[in-house]
Amino acid sequence: MKKYRCVPCGYIYDPEVGDPEREIAPGTPFEDLPDDWTCPMCFVGKDDFEPIED
């Protein structure tokens with residue numbers, strides 16, 4: 001699964017880890033995150049993330 005980087009702050013969403021603080025289970029692809037999910041560091045929306053290569 002592809003990781004995504006928050007452009008403003010650099011946070012990396014790793015689908016293998018998920019977002020446990022927001023009850024996003026490990027194994028959840030970025031595409032399956034809720035539409036209202038935001039970066040846990042700077043709170044921007046999914047539109048401000050870009051895919052990164054491993």
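Computed from a predicted structure; not experimentally measured. For this chain, numbers begin at 1 and follow the sequence in order.
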Using the ring of Phe30 (Phe, Tyr or Trp, six-membered ring only), decide whether Lys46 places NZ or CZ under 6.0 Å from its centre and within 45 degrees of its axis.
yes
Which donor-acceptor pairs under 3.5 Å do the side chains of residues 31-40 make with protein atoms, sequence neighbours left out?
unit_1: Glu31; atom_1: OE2; unit_2: Tyr4; atom_2: OH; d: 2.8
unit_1: Trp37; atom_1: NE1; unit_2: Asp19; atom_2: OD2; d: 3.0
unit_1: Thr38; atom_1: OG1; unit_2: Arg22; atom_2: NH1; d: 3.2

Mind checking what makes side-chain hydrogen bond (donor to acceptor under 3.5 Å, both in side chains) contact with Glu23, not counting sequence neighbours?
none
Let me check something: any side-chain donor-acceptor pairs from residues 7-14 under 3.5 Å, sequence neighbours excluded? List them with distances.
unit_1: Tyr13; atom_1: OH; unit_2: Thr28; atom_2: O; d: 2.7
unit_1: Asp14; atom_1: OD1; unit_2: Glu16; atom_2: N; d: 3.0

Should Met1 and Phe49 be regarded as members of a common hydrophobic cluster, given that ILVMFWY residues are connected when their side-chain heavy atoms come within less than 4.5 Å of each other, either directly or indirectly?
no
